[in-house]
Participant: 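I'd like to ask some things about the structure below.
Order of the sequence lines sets the chain letters (A, B, ...), proteins ahead of strands, with each chain counted from 1. Just so it is clear, the model here is predicted, and its values are computed rather than measured.
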2 protein chains.
Amino acid sequence: MVELFPSKEPTSTKQKILETAIDLFSVNGYSAVSVREITKHVGIKESAMYNHFKTKDEILDTIFDLFRNIQKRALPPIDKLEAILAVQSPQDFLAQGFENFRRTVEDPVLVKLWRILNIEQYRDARARQIIRQEVYVGTIAFLEEAFRLMVDKGRIKPLEPRMLAFEYQYPIFSIMTEYLLLKIDDQDTTDLDELVKAHIQTFTQQVTT
Amino acid sequence: MVELFPSKEPTSTKQKILETAIDLFSVNGYSAVSVREITKHVGIKESAMYNHFKTKDEILDTIFDLFRNIQKRALPPIDKLEAILAVQSPQDFLAQGFENFRRTVEDPVLVKLWRILNIEQYRDARARQIIRQEVYVGTIAFLEEAFRLMVDKGRIKPLEPRMLAFEYQYPIFSIMTEYLLLKIDDQDTTDLDELVKAHIQTFTQQVTT
DNA sequence: GTCTATACGAGGATAGAC
DNA sequence: GTCTATCCTCGTATAGAC
C-alpha cells in the first residue's frame, strides 16, 4: 500500500488535501476539478489551501513526484539482474509480472495515480515524461537486459531480447489501461487477471520449450 | 482521410467550430478548453457558436458520434470473414493489421479523435463506452472469429482463438497509445512502425509454422 | 447567422484579522 | 493555520438588434 507521507503526522491538512485531490483528479481530471471543490471535501476554506500549496498546479506536481518515486521502486535496479537470475528460474522471473500487475491494481491509491497520469499525459509534459521514461523506457530496458542475460546463459531460446521484452510487456500495458477503465464503473476484472496469467503462461512456454 | 461533413457545404461555420474544437480538445482536453477559445480561433463571438451547437457538450457529443461512425467502418462485418479468408492467406490477413495501424496514424484528424477519446474516457461515460465496445470488444470479437475460422480449416496451428486475438491485438493497442503521445512532441515514430511490423511477423511465424 | 450587451456563477488567488 | 472578505478574470449561456 502506498503511504502518501510515510512516518509524518498521520492526517495533516496537507495530506488530506493531497488525498482528496488524488480522489477527484483521478475521476474528473485536473482541469475539471476546482480548488473550491477540493477544500470543500477537506472541510477548509479555499484560502487555507494556499498555506499548504502555492498553487493548484503544485498539488498536481506533488502527485507527479509521488508517482515517480513509487514507479522508481517498482523494479529492481538493472545491475541486480544477474544476481536475481542466478537464483530464479526464467519461469519464476516471468511469473513475477503477474505479481507486479496484481500489486498495482490491488492498491487503490496507486490505481488513482495511474489514472491521473493517463489522463494528464496528453496535456501535461511532466506526466508525459514520467510515462515515457519511468514506465515505457524503464520497463523495456529492464526486461531487455533480463532476456539478454537469459539468452546468453542459454536458459531460454535465442530470440531477440528487445522483441521478447516487447512481446512480454506491451500486452500487459493494454490490460492495465483496460483495468483502470473497468474499475471506474465498478465492473468485474477477474477476466483481466486471468488474461495476464494466461499471457505470461503462453509467453513462458514459447521462450522455454 | 476523414471528412467531417462529407459532401456538405465545404467550410461552413459549424464545420470550422468542429475542426477547431477537435484541434484544441485533442491537446488540452475538453475541460481545459473554453467556448471563448474555440470561437476566437474560428473568428466569431461566443454567442454565435450557440447557433450551431446547443451547448459546449454538444460539440463533444458530435465528436464522439464522428469517431463511432469511423470506428464502425474500420473492420469488415464479421459475417464477411469467411469470404475474406477464402481469398486471403492467413499471412496476408494478419499483415493487414499493419495497414490498419498505418491508416489510422497517417490521418491527422483520426489521430486527434483518438487522443480526445483517450483523454475523456476516464471522465466521460460515453467515451468509455465507445472505447470499450467499438475498440476493445469489437476488435477482439472480430479477430477471435477470424482465428476460429482459420483454426477450423487447419490453416494455422490449433491454438485458442481468443488468446490468439489477444496476443495479436493488445500489443498494437499499446503502440497506438505510445504513438499518440510521441506525436504531441513531434518525435520520431518510425521505430513504432517497425515494432508493429516485427510483432506481426513474429506472431505470424508462431501461428503458421 | 452574427453581433453587442449582459447575466451571473465559478475560477484561481491574495490581504489581513484572529 | 484558518477564517472572512475581496479581486478580477473566465466560464457558459441568453436576449434582442441588425
Participant: May I have the distance from B/L24 (atom CG) to D/dC10 (atom P), rounded to whole angstrom?
Facilitator: 16 Å

Participant: Is the Lys NZ or Arg CZ of B/K56 less than 6.0 Å from the centre of B/Y30's six-membered ring, within 45° of the axis?
Facilitator: yes

Participant: CE of A/M49 versus P of C/dA13: gap in Å, rounded?
Facilitator: 7 Å

Participant: Does A/Q206 have more than 12 heavy atoms from other residues, nucleotides or ligands lying within 6.0 Å of its CD?
Facilitator: yes

Participant: Whole Å only: how far is the NZ atom of B/K56 from the C1' atom of C/dG11?
Facilitator: 13 Å

Participant: I'd like to know whether CD of A/E82 has more than 12 heavy-atom contacts from other residues, nucleotides or ligands below 6.0 angstrom.
Facilitator: no

Participant: Which nucleotide in the set D/dA13, C/dA13, D/dT12 lies at the smallest distance from any side-chain heavy atom of B/V35?
Facilitator: D/dT12

Participant: To the nearest Å, how far apart are A/H52 NE2 and C/dA13 C1'?
Facilitator: 15 Å

Participant: Going 5' to 3' through nucleotides 3-8 of chain C, assign each nucleotide B (protein heavy atom under 4.0 Å from a base atom), S (under 4.0 Å only from sugar-phosphate atoms) or - (no protein heavy atom that close).
Facilitator: BB----

Participant: What is the distance from CZ of B/F53 to C1' of D/dT14, rounded to the nearest Å?
Facilitator: 19 Å

Participant: Parallel, tilted or perpendicular: which fits the ring planes of A/F67 and A/W114, with parallel below 30° and perpendicular above 60°?
Facilitator: perpendicular

Participant: Give one of base, sugar-phosphate or nothing for B/V42, where a contact means two heavy atoms less than 4.0 Å apart.
Facilitator: nothing

Participant: Can you tell me the distance, in whole Å, between the OH atom of A/Y50 and the C1' atom of C/dG11?
Facilitator: 9 Å

Participant: Within 45° of the six-membered ring axis of B/F25 and under 6.0 Å from that ring's centre, is NZ or CZ of B/K112 located there?
Facilitator: no

Participant: Can you tell me if B/S34 touches the phosphate of D/dC10, counting only side-chain N or O atoms and a distance under 4.0 Å to OP1 or OP2?
Facilitator: no

Participant: Using whole Å, report how far NZ of B/K40 lies from C1' of D/dT9.
Facilitator: 13 Å

Participant: Pick one: which of B/V35, B/I22, B/I38 meets side-chain contact (heavy atoms from CB on, under 4.5 Å) with B/I17?
Facilitator: B/I38

Participant: Enumerate donor-acceptor pairs with a distance under 3.5 Å from any side-chain N or O in residues 135-150 of chain B to protein atoms, sequence neighbours excluded.
Facilitator:
residue: B/T139; atom: OG1; partner: B/V135; partner atom: O; Å: 2.6
residue: B/E144; atom: OE1; partner: B/R162; partner atom: NH1; Å: 2.5
residue: B/E145; atom: OE1; partner: B/R148; partner atom: NE; Å: 3.1
residue: B/E145; atom: OE2; partner: B/R148; partner atom: NH2; Å: 3.0
residue: B/R148; atom: NH1; partner: B/D152; partner atom: OD2; Å: 2.8

Participant: Within this structure, what is the CD1-to-P distance between A/I17 and C/dA13, rounded to whole angstrom?
Facilitator: 13 Å

